[in-house]
Amino acid sequence: MPDSPEIKRYTVTSALPYANGPKHIGHLAGAYIPADVYVRFLRLLKKNVVFVCGSDEHGTAIPNQALKENTTAQQIIDKYHVLIRDCLYKLGISFDVYHRTSETLHHQTSQEFFLALFNKGLLTEETSEQYFDQEANAFLADRYIVGTCPRCGNPNAYGDQCERCGSTLSPRELINPRSTLSGSPPVLRPTKHWFLPLQDYEPWLREWILKSHADDWKTNVYGQCKSWIDAGLLPRAMTRDLDWGIKVPLPDAEGKVLYVWFDAPIGYISATRALFQELSDGKKKYSSPQSDFGKVKVDDWKKYWQDKDTKLVHFVGKDNIVFHCIIFPVMLHASQQFIVPDNVPANEFMNLEGDKMSTSRGWSIEMHEYIEDFPDKPDVLRYALLTNLPETKDSEFTWKDFQSKNNNELVAIFGNFVNRALVLTQNYFENKVPPRGVLTPVDEKVVKEVKEFPGRIAASIEAYRFREATALMIDLARTGNKYLAETEPWKLAKTDMIRVGTILNLALQISANLAVLTEPFLPFTSRKLKSMLALPDLGWNETGSVDLLPAGHALGHASLLFEKIEDSVIESQIKKLNIKKMEVERASQPPKAVKPLKPEVTIDDFSKLDIRIGKVIAAEKMEKSNKLLKLTINSGLDTRIILSGIAQHYTAEEMVGKQVTFIANLAPRKMMGVESQGMILSAEDGDGKLKLLQPLGDVEPGSAVN
RNA sequence: GGCGAGGUAGCUCAGUUGGUUAGAGCAUCGGAUUCAUAACCCGAAGGUCGGGAGUUCAAAUCUCCUCCUCGCUACCA
């Protein structure tokens, strides 16, 4: 829906990239490209807009990455801040400012924010027991505690997650926990933290999101929020025991820092502050203002965050919904000074060639990799992502699709149309815009269509439907091709040059409209096309007209807007992707842990065990268990039930009829309410994969194993 | 386990509040054309809208059940 006139300015944010590694094209599709299209569009409408972003540089994962790369946290953030920032700019993301959360200004802003809440009594204090490493003299973040996974027995599970079975853990669940800092077992020690009582804001959240944004927020975002609110909100700790981050600005908070999700979104505010500071003192360290802000004062950032007539929009991926829709808005609302977002048009995820994108698994196209391989094609990537944004559900990027979008749409429709118009003008009118004669019904029709395009594209962008907007943009070029096919000026050139002039004039006017209207989507191409047409910078409201180029106007030098991408290029990218994945897999393969030898036993010990071969007569999955199969075994002696934790490795169906080796005289044991009369033997490798132990040939059930 | 979002043509995706024959692009096939990067333009074919039941004059759309995918499930960035 179109914005009401009382909106005086816009604050647009893209999720702060976390500076612990490179960022891939999925991030780009999620939070950066849509935001950039939106902002460029607003600028063309001459709206007052700031577009802010920056590096998110705190949290436990940064020092963690430093350990991995054998360097310091500072070096990690310095490295990735520059890498990510440069990539985003090279892909045309037009931030007015790209700040970083390690900057003093941000530390100040965050501490002020925290204190403002604290001083109003809006934060609660709570003391709880946390693991503490006595040797290293530090509280341990979840990631720094390893121990045995209570679910799968992996001896190297992390405090937050077991990477073998994938279950989410809390440090207290680990068996035999030990600190990764010193290797010693940690002790529980009381620690005080400050909490944001989210539950106090539930009525407000219900009113604000569930009632007033029921119609204009995306269903995925709305649903996610509703789910959180309905589940019941709890106080959330806003501080951590950690030495990397922003110090908690209180006297009794030694060794404590602000929770990274408390300070990161404040980074948007700090970035805006930095922009206005730099605009007012003329130094440009983090800012690169994309529009003229006129004469400003240092405090003018406040208008963009505190004035009711400012519209705030956060572009994020779906993993960030809760922070941008619940926690940060509660912080903003609680402060009683700040406005809350008007919308959070979160995108879903983009998959790659049939699998989830993941930098750590090597299954990704990192921004810098793309830029290295296609340095002159930022717009092709923008287009390929835009036409397939995960707006309503997860979407899929394939190199083949990338190629076909380039070859069939950018080259064949857009580039080709412009080229046709320009080449014909060169051939017949010495590269000058010919005058228009009398318009025929075909001409009138195309003029009418051109007139409607800007409004249609604008409506799509305003509704955050960027994929649709992009399709409309290319449709304008299609309209141009159709017009040329219908009027066939190359045939008329032999008989009626006046008519040819009229047609080419209109074809050039369409090209000029394209030059302006493509700017939000394909900024580099737009610039190139403007120079080919010698077209001055125009605003969005000047488009839709067929008088952008006056008759007699001398055109610039024509060149091709896009070039075809050959099959070989695509094939080598796919190959590269697979090679990278294999390399990462190989590098991350921990040396296979072979279990240490157990203490020696005598033959008597061994002979106590009665090991037999049995045959599975029936098998079924245990309800409510993801690991147990209930097997009915013909043991030769009897028919018995044995429960076996192999459901993740064998299905019930395939077990039926199989020979199994089992311990026949093991004391029965009840699991999930069913008694198991024995134990099935299997071999387990270092990855936790199980393989059943079977005799090499068929033997009678009940045969003993010696 | 609970919750959220999805499952629509070979592929990638649209389908606003239930309403004619369910759409687009690509791929396929046919036609036309040569100004243009063998590009463009016209047309055809292609779907029991995950499966089942129900409400209704009418269901891709609403209700219930069921299967599959992704995400969230809170000191996790």
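In what follows, every chain begins at residue 1, and chains take the letters A, B, ... in the order their sequences are listed. Since this is a predicted model, take the numbers as computed values, not measurements.
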Heavy atoms of A/P17 and A/G54 approach each other most closely as CD-O, 3.0 Å
Closest non-hydrogen contact found for A/A507 with A/A421 is CB-CB, 4.0 Å
In whole Å, what is the span from the [atom1] atom of [X] to the [atom2] atom of [N]?
| X | N | atom1 | atom2 | value |
| --- | --- | --- | --- | --- |
| A/D567 | B/A27 | CG | P | 12 Å |
| A/D230 | B/C72 | CG | C1' | 14 Å |
| A/M357 | B/U69 | CE | P | 20 Å |
| A/K405 | B/A24 | NZ | C1' | 11 Å |
| A/I327 | B/A77 | CD1 | P | 13 Å |
| A/W244 | B/C75 | CH2 | P | 24 Å |

| field | Side-chain H-bond candidate by donor/acceptor type, A/E366 with A/S364, under 3.5 Å | value | yes
request  = Decide whether A/Q426 and A/E430 meet the rule of one side-chain donor and one side-chain acceptor closer than 3.5 Å.
outcome  = no
Span that lies between the [atom1] atom of [M] and that of [N], in whole angstrom:
| N | M | atom1 | answer |
| --- | --- | --- | --- |
| B/A32 | B/U21 | P | 34 Å |
| B/U17 | B/C29 | C1' | 40 Å |
| B/A60 | B/A53 | P | 14 Å |
| B/C68 | B/G51 | C1' | 11 Å |
| B/U8 | B/G25 | C1' | 15 Å |
| B/A59 | B/C49 | C1' | 11 Å |
| B/C11 | B/C67 | C1' | 24 Å |
| B/A45 | B/G10 | C1' | 13 Å |

Please tell me if A/K318 has a side-chain N or O lying less than 4.0 Å from either OP1 or OP2 of B/A5. no
ask   = Is any side-chain N or O of A/K218 closer than 4.0 Å to OP1 or OP2 of B/A5?
value = no
Would you classify [X] as touching base, sugar-phosphate or nothing, given that sugar-phosphate means primed atoms plus P, OP1 and OP2, and contacts are heavy atoms under 4.0 Å?
| X | answer |
| --- | --- |
| A/T219 | sugar-phosphate |
| A/T387 | nothing |
| A/F417 | nothing |
| A/E468 | nothing |
| A/Y222 | nothing |
| A/I62 | nothing |
| A/K356 | sugar-phosphate |

Using a strict threshold of under 4.0 Å (side-chain N to carboxylate O), is an ion pair present between [Y] and [X]?
| X | Y | answer |
| --- | --- | --- |
| A/E353 | A/K400 | no |
| A/R100 | A/D56 | no |
| A/R206 | A/E202 | yes |

Just name whichever nucleotide pairs with [N], Watson-Crick or G-U, keeping both distances under 3.5 Å, else none.
| N | value |
| --- | --- |
| B/A5 | B/U69 |
| B/U34 | none |
| B/A58 | none |
| B/C13 | B/G23 |
| B/C64 | B/G52 |

Once base and sugar-phosphate atoms are separated, protein heavy atoms under 4.0 Å mark nucleotides 32-45 of chain B, 5' to 3', with B, S and - as --SBBB-SSSS---
Output for pair (A/R467 CZ, A/L389 CG), nearest 0.5 Å, gives 7.0 Å
So which nucleotide from [options] ends up closest to the side chain of [X]?
| X | options | value |
| --- | --- | --- |
| A/L233 | B/A74, B/A77, B/C70 | B/A74 |
| A/Y259 | B/C70, B/U12, B/A77 | B/A77 |
| A/S404 | B/A77, B/C13, B/C26 | B/C26 |

Between A/K226 and A/F195, the residue closer to the 5' end of RNA chain B by nearest nucleotide is A/K226
Ranking A/E391 and A/W261 by the position along RNA chain B of their nearest nucleotide, the one closer to 5' is A/E391
Partner of A/F374 under side chain to side chain contact (heavy atoms under 4.5 Å, CB included), picked from A/V569, A/N406, A/V380, is A/V569
(Q) Please determine whether ring pair (Phe, Tyr, Trp, His ring centres under 6.0 Å) holds for the pair A/H193 and A/Y259, giving the CA-CA distance in whole Å, both sets of side-chain angles, and the decisive distance to 0.1 Å. (A) CA-CA 10 Å; A/H193 283 289; A/Y259 174 39; over 10 Å; no
